[in-house]
A.B. asks: 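Questions regarding the structure given below will be posed in turn.
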Amino acid sequence: MGKSASKQFNNEVLKAHNEYRQKHGVPPLKLCKKLNQEAQQTLHSHGMEEYKEDGRGKGICK
């Protein structure tokens, strides 16, 4: 996934997540670029390339 596609995906997920949070009366979240980078580095340090959903709501690390 390219950088712009990844950024768009992150924004779409954040928007959907915040819509759900709003329904429950809790404040919205915002993306943290540093936290995202650290999470990606952690995946790489454990020999995993990326995190994907498997279509059943479960995460898969490759």
Side-chain angles (χ1 to χ4, degrees):
M1 186 179 311
K3 285 188 180 183
S4 67
S6 179
K7 185 176 180 179
Q8 181 180 353
F9 175 78
N10 288 345
N11 288 332
E12 289 174 5
V13 169
L14 180 65
K15 180 182 176 197
H17 189 83
N18 281 334
E19 287 172 356
Y20 184 78
R21 289 176 64 85
Q22 183 179 23
K23 290 178 183 179
H24 296 278
V26 294
L29 297 176
K30 56 184 177 178
L31 287 177
C32 175
K33 187 175 181 178
K34 182 179 177 185
L35 183 59
N36 285 344
Q37 289 172 341
E38 289 175 3
Q40 191 65 47
Q41 288 173 348
T42 299
L43 283 175
H44 288 294
S45 72
H46 291 291
M48 296 174 237
E49 296 174 19
E50 59 186 65
Y51 175 87
K52 291 185 177 181
E53 289 292 324
D54 69 353
R56 296 176 292 169
K58 296 181 180 178
I60 299 173
C61 292
K62 291 185 171 188

A.B. asks: Please tabulate, for side-chain N and O atoms in residues 13-32, each donor-acceptor pair with protein atoms closer than 3.5 Å (sequence neighbours left out).
C.D. replies:
| residue | atom | partner | partner atom | Å |
| --- | --- | --- | --- | --- |
| Asn18 | OD1 | Leu29 | N | 2.7 |
| Asn18 | ND2 | Leu29 | O | 2.8 |
| Arg21 | NE | Pro27 | O | 2.7 |
| Arg21 | NH2 | Pro27 | O | 2.8 |

A.B. asks: Report the residues that fulfil side chain to side chain donor-acceptor pair (under 3.5 Å) with Glu12, sequence neighbours left out, ordered by chain and then residue number.
C.D. replies: Gln8
A.B. asks: If you round to the nearest 0.5 Å, how far is CD of Glu38 from OG of Ser45?
C.D. replies: 11.5 Å
